**Q** 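Sharing a structure with you now.
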Amino acid sequence: MDVYDVSDDLVKKLNDWKLIGIISGKFNELKENHRKVDFVMRALIDFKYMEKIFLNVTLREDKCNKRSVEFRMLGNEQFSLKNRKYFQALELYNKSICYAEPNSEHLSIGYANRSAVLFEWKRYRQCLANIELARKANYPARLSHKLDKRERDCQQLLDQQPPDVVPYEFKLSFNSHPQVPFIADCLELRESADEGRFVVTNRDLVVGDLVAVEQPFCSTLLAPMRYIRCATCKRENYLTLIPCDSCCSVMFCSEECKQQAMSTYHRFECPIIDFLHRMFNKIHGIALRTTLAALDLYPSIEELMAFCEQQQNQHKCAFDLDYSQLSPQEHYRAIHGLVTNQHLRSVSDLFQRSVVCAVLKHFIIEYTPLKDHLGGEEGMNFFTDLLFRHLQTSPSNMHGIDLVEQVNETKDDQTHSSGAYAFLSLLNHSCAPNTVRIYEGTKAYMFILRPIKAGNKLYDNYGAHFAISSKQQRLKTLSMQYRFDCKCEGCELDYPTFGRMPHKATVPSVTDDTEMALGAYNYDFAVSNYRKYCDFLTQYGAAYPCEQISSAEECLKMALHIMVDAVPLKAKM
């Protein structure tokens, strides 16, 4: 069961009872979003959906030493000489650490077992860190001889561990924009009736130009990554992660990240964390996190309400902000100002979003400390309006934070988080994009991928690329998720997918001897060769699209991922 199952079942029940017309009419008459949500909430309660969800979905799994031992035994099996599946063992040990009851020896044994994997892996610095964690967690004296020996061996071998990769330090290719210092001064905002707001360049750009380096207003970790990455900074630190003290589904890379989470978003999410993971998707997750991050900006709900109601905070974007005096409140202005397109949405679309909002609102208010923070009815209505707003803006404006694409890996291994980016949200989509986003942690670098003449627009890609899916598939996906009919060059000219792409005799190949080195995630090779791909793509840009150019684009993207260390640990070992 997820929230869409609830929505679909409610609509089916209303249809079966011949009530859908009456309910839709009354719903559509309501002007304020919190009234729409409360109207749907009453229907969900009357039809016992809230009760059914509560009975069938766990709000939060309790710490349990028995489960901790089970995960540790499974980890031991993967770590055994027979299997030697170290990544699977590490993730299972992390689950064992998460499920261990506070102050029990099972927590310390989990850290010790993790140190054994790292010793075999020759990750001696991280091994010592886990030995220290085990001792701080009162590792049992009867087993200490094992830990003592491993520590002595680590100390002797420490110098043999090579230094960790330091991400390449990219800098903007041009002077900073005077008002928005994390983008290049050549970028300008324009607006039209057809495309809404969009970004253009006032000078020629070549492949490899770095035109933006943006940190998100907030971000959220996807559920499949919860035993691999820090829930706060999103970095892949699963060699040394520490657990939340209360839930079994969140880990942190340091006490600092843990305290930051507990003082902000996690105090509200923690009591219902497993319910959130089970019932909602990443779009709902970043909408909720954005709302909670906005609530954290001010000491009282009344001050945030006053901020959001001010005229100067309506429909703003990154170019309207004064980044010379940027505060978190100023940063939020651009996120709050993202367009909802509510006037374009159908009644059924708004009804479904109201179901999502109603279920989220009910459980976060009933089972977390949020109710005390919101005060009375006015505060709860404001929270409902704000959450509903971000549930509308998230699908079109929030960004998946990706790693390098790997052979034989699932999409979950590529996208680890979602983020709210004020500037990146302004770029419109093209199935044949001329920019590419590369992430170092949650920091987004935007590079030019195809030559762009002065006066032309910058285009991002929302996931539907002409090289990997047909025009018909792309149009269907984009219309369903983003509510627009794509008229980019890739669709208008019906560019072929990669398998049907022509090999142009006038264009040489730049990738024959490079793909193997990049596939091995060779940092030095990437640094030495990425400019070659940039120059090639700039020189032969007029031949786009063809097989050689698409291959060179993939090599450039791979090189950039390697340079910022956006490569999962399992791919580098």
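All values derive from a computational prediction rather than experimental measurement.
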**Q** Just checking, is any N or O donor in the side chain of Y495 or E489 under 3.5 Å from an acceptor N or O on the other one?
**A**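 A donor-acceptor contact under 3.5 Å links the two side chains.
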
**Q** Does a side-chain heavy-atom distance below 4.5 Å link L295 with F268?
**A**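 In short, these two side chains do not touch, never coming nearer than 4.5 Å.
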
**Q** Donor-acceptor pair, distance only, cut-off 3.5 Å: does the side chain of N461 make one with the backbone of S430?
**A**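 It does hold such a pair.
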
**Q** Go through the steps to decide whether I438 and M563 satisfy the test side chain to side chain contact (heavy atoms under 4.5 Å, CB included), and finish with yes or no.
**A** CA-CA 10 Å; I438 307 290; M563 291 168 72; over 6 Å; no

**Q** Counting only heavy atoms from other residues, nucleotides and ligands, does the tally under 6.0 Å from CD of Q472 exceed 12?
**A**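 Atom CD in Q472 is not packed in, count stays at 12 or less.
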
**Q** Can the ring centres of Y168 and F170 be said to be less than 6.0 Å apart?
**A**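 Centroid distance Y168-F170: below 6.0 Å, so yes.
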
**Q** Would you compute the distance between atom NE2 of H177 and atom CZ of F319 and round it to the nearest 0.5 angstrom?
**A**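 The NE2 atom of H177 sits 5.0 Å away from the CZ atom of F319.
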
**Q** Counting only heavy atoms not in R345, do more than 12 fall under 6.0 Å of its CZ?
**A**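 Atom CZ in R345 is crowded, with more than 12 foreign heavy atoms closer than 6.0 Å.
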
**Q** Run the numbers on S219 and K234 for side chain to side chain contact (heavy atoms under 4.5 Å, CB included), then give the verdict.
**A** CA-CA 8 Å; S219 60; K234 316 303 183 294; 3.0 Å; yes

**Q** Test K12 against every option in D8, D9, D16 by the salt bridge (charged side-chain N to carboxylate O under 4.0 Å, His left out) rule and name the one that passes.
**A**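 Of all the options given, the one that passes is D16.
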
**Q** For residues I401 and G419, report the shortest heavy-atom separation together with the two atoms involved.
**A**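 The answer is CD1-N, 4.1 Å.
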
**Q** Can a donor-acceptor pair be found, under 3.5 Å and without considering hydrogens, that links the side chain of R226 to the backbone of V250?
**A**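 It does not hold such a pair.
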
**Q** With distance as the sole test, does Q179 use its side chain to make a donor-acceptor pair with the main-chain N or O of L321 at under 3.5 Å?
**A**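 Here the side-chain-to-backbone pair exists.
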
**Q** Tell me if a side-chain donor or acceptor on R353 pairs with a main-chain N or O of L391 at a distance below 3.5 Å.
**A**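 Indeed, once roles are kept as given, a pair shorter than 3.5 Å links the two residues.
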
**Q** Go through it in stages, so that I can follow the logic: the residues are L14 and V11, the test is side chain to side chain contact (heavy atoms under 4.5 Å, CB included), and I'd like the CA-CA distance, side-chain angles, deciding distance and then a yes or no.
**A** CA-CA 5 Å; L14 293 174; V11 170; 5.5 Å; no

**Q** Less than 4.0 Å between a side-chain N and a carboxylate O, is that true for R203 and D185?
**A**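 R203 and D185: salt-bridged.
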
**Q** Taking C-beta and beyond as the side chain, do T393 and H390 meet within less than 4.5 Å on heavy atoms?
**A**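 Touching, per the 4.5 Å side-chain cut-off.
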
**Q** How about L292 and E269: do any of their side-chain heavy atoms sit closer than 4.5 Å?
**A**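 Yes, at least one pair of side-chain atoms sits under 4.5 Å.
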
**Q** Can a salt bridge be assigned to the pair K26 and E29 using a cut-off of 4.0 Å between side-chain N and carboxylate O?
**A**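 No, K26 and E29 are not salt-bridged.
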
**Q** Give the minimum heavy-atom separation between L458 and I448, together with the two atoms involved.
**A**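 Where L458 meets I448 most closely, the heavy atoms are CD2-CD1, 4.3 Å.
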
**Q** Kindly say whether Y459 contributes a backbone atom to a donor-acceptor pair with the side chain of N434 at under 3.5 angstrom?
**A**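 Judged by distance alone, yes, a pair lies under 3.5 Å.
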
**Q** How far apart are the C-alpha atoms of Y332 and T290, what are their side-chain angles, what is the distance that settles it, and do they pass the side-chain hydrogen bond (donor to acceptor under 3.5 Å, both in side chains) test?
**A** CA-CA 9 Å; Y332 179 63; T290 304; over 6 Å; no

**Q** Do H465 and F498 make the cut of ring centroids closer than 6.0 angstrom?
**A**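 Centroid separation for H465 and F498: 6.0 Å or greater.
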
**Q** Cut-off 3.5 Å, side chains only: do H284 and N281 have a donor facing an acceptor?
**A**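 Yes, because at least one side-chain N or O of H284 sits under 3.5 Å from a partner of the opposite role on N281.
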
**Q** Would a 4.5 Å heavy-atom cut-off, applied to side chains only, mark F280 and V359 as touching?
**A**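 Touching, per the 4.5 Å side-chain cut-off.
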
**Q** Nearest 0.5 Å, please: how far is CZ in R474 from SG in C486?
**A**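 CZ of R474 is found 7.0 Å from SG of C486.
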
**Q** How about S327 and Q329: does a side-chain donor come under 3.5 Å of a side-chain acceptor?
**A**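 Q329 and S327 do have a side-chain donor-acceptor pair below 3.5 Å.
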
**Q** Begin with the C-alpha distance, continue with both residues' side-chain angles, and end with the deciding distance and a verdict on side chain to side chain contact (heavy atoms under 4.5 Å, CB included) for M1 and V6.
**A** CA-CA 7 Å; M1 177 195 292; V6 173; 4.3 Å; yes

**Q** Do Y227 and Y238 have ring centroids that are under 6.0 Å from one another?
**A**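 For Y238 and Y227, the ring centres are not under 6.0 Å apart.
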
**Q** Is any side-chain heavy atom of K443 closer than 4.5 Å to a side-chain heavy atom of V213?
**A**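 SC-SC contact between K443 and V213 confirmed.
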
**Q** How close do C317 and L189 get, counting heavy atoms only, and between which atoms?
**A**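 Nearest heavy atoms, C317 then L189: SG-CD2, 3.4 Å.
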
**Q** Is the closest side-chain donor-acceptor distance between E195 and S192 under 3.5 Å?
**A**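 There is no such pair between these side chains.
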
**Q** Compare all side-chain heavy atoms of L210 with those of K171 and state whether any distance is below 4.5 angstrom.
**A**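 Answer no - side chains too far apart.
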
**Q** Please state whether the rings of Y544 and F466 are parallel, tilted or perpendicular, taking 30° and 60° as the class boundaries.
**A**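 Correct class here is perpendicular.
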
**Q** Looking only at atom types and distance, does a side-chain atom of K282 sit under 3.5 Å from a main-chain N or O of S418, one as donor and one as acceptor?
**A**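 Between the backbone of S418 and the side chain of K282 there is no qualifying donor-acceptor contact (under 3.5 Å).
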
**Q** Side chains of E32 and N381: is there a donor and an acceptor less than 3.5 Å apart?
**A**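 There is no such pair between these side chains.
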
**Q** Under 6.0 Å from the NZ atom of K487, do we count more than 12 heavy atoms belonging to anything else shown?
**A**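 No - once you tally the heavy atoms of other residues, nucleotides and ligands closer than 6.0 Å, there are 12 at most.
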
**Q** Treating E214 as the side-chain partner and F182 as the backbone partner, does any N or O pair qualify as donor plus acceptor under 3.5 Å?
**A**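 No.
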
**Q** May I ask you to decide if K557's main-chain N or O and H561's side chain share a donor-acceptor pair within less than 3.5 Å?
**A**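 Looks like yes, one N/O pair under 3.5 Å.
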
**Q** What are the two closest non-hydrogen atoms of Q215 and H331, and how far apart are they?
**A**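 Here Q215 and H331 meet closest at O-CE1, 3.8 Å.
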
**Q** Might you work through the salt bridge (Lys or Arg N to Asp or Glu O under 4.0 Å) test for R450 and E553, ending with a clear yes or no?
**A** CA-CA 9 Å; R450 298 170 56 196; E553 283 188 346; 5.0 Å; no

**Q** Side-chain contact, heavy-atom cut-off 4.5 Å: V207 with P451?
**A**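 When only atoms from C-beta onward are counted, P451 and V207 do touch, with a gap below 4.5 Å.
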
**Q** Does N28 use its side chain to pair, donor to acceptor, with the backbone of S24 at less than 3.5 Å?
**A**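 Checking the backbone N and O of S24 against the side chain of N28, no donor-acceptor pair under 3.5 Å is found.
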
**Q** Counting N and O atoms only, with roles assigned by atom type, does the side chain of K471 sit under 3.5 Å from a partner on the main chain of C491, one being a donor and the other an acceptor?
**A**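 Answer holds: yes.
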
**Q** Crowded around D5 CG? As in, over 12 foreign heavy atoms under 6.0 Å?
**A**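 More than 12 heavy atoms, drawn from other residues, nucleotides or ligands, come within 6.0 Å of this atom.
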
**Q** Considering non-hydrogen atoms only, spot the tightest contact between H429 and Y462 and give its length.
**A**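 What the structure gives for the nearest pair is ND1-N, 3.0 Å.
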
**Q** List the steps and the verdict of salt bridge (Lys or Arg N to Asp or Glu O under 4.0 Å) for R389 and D385.
**A** CA-CA 6 Å; R389 179 185 190 89; D385 285 334; over 6 Å; no

**Q** On the ring face of F27, is K36 found with NZ or CZ under 6.0 Å from the centre and within 45° of the axis?
**A**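 Pair K36/F27 counts as cation-pi.
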
**Q** Would you check if C308 and F382 make a side-chain contact, meaning some heavy-atom pair closer than 4.5 Å?
**A**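 Answer yes - side chains close enough.
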
**Q** Where is the tightest heavy-atom contact between R531 and G208, given as atom of each residue plus distance?
**A**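 Minimum heavy-atom separation between R531 and G208: NH1-O, 4.3 Å.
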
**Q** Can you tell me how the ring of Y540 sits relative to the ring of F536, calling it parallel under 30°, perpendicular over 60° and tilted otherwise?
**A**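 Answer is tilted, since the angle falls between 30° and 60°.
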
